[in-house]
Amino acid sequence: MADQFKGVSEVDGKPFDISTNKDALAQNRKPFKAILDIGLVRSTVGNRVFGALKGACDGGLDIPHSTQRLAGYDMDTKKFDADVLRKYLFGGNIADYMTSLEETPEKYNKQFGKFKAAGISAGDLEGMYEKAHASIRANPEAQKKTPSVPAGEKPKSYKKKGLSYAQRKDRIR
């Protein structure tokens, strides 16, 4: 099914619905349909849950939704701006925050010290996100993490060990 329903090849922030895509409908098959359950997450405009929804829809899943909760939707004019959503998808809001913090080096180093050590500036963020999107497209399978504890060893436990009746009585004395 992944070969039949490709989704969006280039991330641009524009609304995409695979169920209305003519190429997908020409195959006489329906795409995989999913329902977004956000649980207790607040459904505010621009919440990261809706960014994940946009990514899943762009990937080729059929998830019923509207653009009213995506970043870029203006409640006053009731219009959706795809350029604003694209800015958020490629870290434009983070780049703006980075440039605003450059005036205060202490805060900048606290927030973006690892970025600075890696040589990533505010202008490099969009390229970094494009590279991440391309690598996900190239190999969408989840990568296995290496365990933090070597094989044969138990991970550190932070639970209190149970005390016997005599030990509890001794602790009271």
Side-chain angles (χ1 to χ4, degrees), residues 2 6-18 34-61 63 65-161:
K6 294 283 186 190
V8 176
S9 59
E10 186 175 324
V11 180
D12 55 5
K14 293 179 183 168
F16 178 75
D17 188 6
I18 191 84
I35 305 295
L36 177 69
D37 180 11
I38 62 171
L40 297 175
V41 175
R42 291 188 180 182
S43 61
T44 56
V45 174
N47 193 319
R48 72 174 111 186
V49 169
F50 300 112
L53 168 104
K54 175 72 172 134
C57 289
D58 285 353
L61 291 178
I63 304 175
H65 68 283
S66 70
T67 58
Q68 291 182 348
R69 292 293 178 194
L70 297 176
Y73 182 78
D74 189 9
M75 293 264 198
D76 298 332
T77 61
K78 307 273 189 228
K79 297 207 184 216
F80 174 70
D81 186 7
D83 293 332
V84 174
L85 179 60
R86 186 189 185 290
K87 176 184 167 187
Y88 276 80
L89 291 175
F90 286 102
N93 56 335
I94 299 168
D96 292 343
Y97 185 59
M98 282 177 84
T99 54
S100 70
L101 279 185
E102 285 176 347
E103 299 165 0
T104 55
E106 183 180 303
K107 285 184 179 180
Y108 183 83
N109 288 333
K110 184 178 179 183
Q111 288 281 43
F112 300 107
K114 291 188 179 182
F115 278 66
K116 190 176 180 182
I120 299 171
S121 66
D124 300 333
L125 283 180
E126 185 171 342
M128 184 177 76
Y129 278 100
E130 285 175 353
K131 186 178 174 185
H133 288 171
S135 66
I136 291 170
R137 283 274 179 200
N139 185 13
E141 303 236 351
Q143 303 296 320
K144 274 194 166 184
K145 290 185 176 181
T146 57
S148 60
V149 178
E153 290 183 25
K154 288 186 175 181
K156 187 173 181 180
S157 177
Y158 293 97
K159 289 184 356 182
K160 283 180 91 175
K161 294 191 177 181

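Values in this document were obtained by computation on a predicted structure and should not be read as measured data.
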How close do [X] and [Y] get, heavy atom to heavy atom, and via which atoms?
X: Pro15; Y: Thr67; value: CG-CG2, 3.8 Å
X: Phe16; Y: Cys57; value: CD2-O, 3.4 Å
X: Leu125; Y: Ala95; value: CD1-N, 3.6 Å
X: Val45; Y: Gln68; value: CG2-O, 3.7 Å
X: Ala82; Y: Gly13; value: CB-O, 3.5 Å
X: Ala122; Y: Thr99; value: CB-CG2, 3.8 Å

Side chains of [X] and [Y]: does their closest heavy-atom pair fall under 4.5 Å?
X: Leu70; Y: Tyr88; result: no
X: Leu53; Y: Ile38; result: no
X: Ile94; Y: Phe115; result: no
X: Lys78; Y: Tyr73; result: yes
X: Gln111; Y: Leu101; result: yes

ask   = Below 6.0 angstrom between ring centroids: does that apply to Phe50 and His65?
value =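 Phe50 vs His65: aromatic centres not under 6.0 Å.
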Whether the side chain of [X] engages the backbone of [Y] through a donor-acceptor N/O pair (distance < 3.5 Å, no angle test) should be reported.
X: Lys14; Y: Arg86; answer: no
X: Asn47; Y: Arg42; answer: yes
X: Asn109; Y: Pro105; answer: yes

What's the spacing between [X] [atom1] and [Y] [atom2] if we round to 0.5 Å?
X: Asp124; Y: Met98; atom1: CG; atom2: CE; result: 8.5 Å
X: Leu61; Y: Ile35; atom1: CG; atom2: CD1; result: 11.0 Å
X: Lys156; Y: Ser148; atom1: NZ; atom2: OG; result: 12.5 Å

request  = Would you please classify the geometry between the Phe112 ring and the Tyr108 ring as parallel, tilted or perpendicular, with 30° and 60° separating the classes?
outcome  =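 Tyr108 vs Phe112 ring planes: tilted.
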ask   = Between Asp83 and Lys87, is there a salt bridge with N-O shorter than 4.0 Å?
value =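 No, no charged N to carboxylate O under 4.0 Å.
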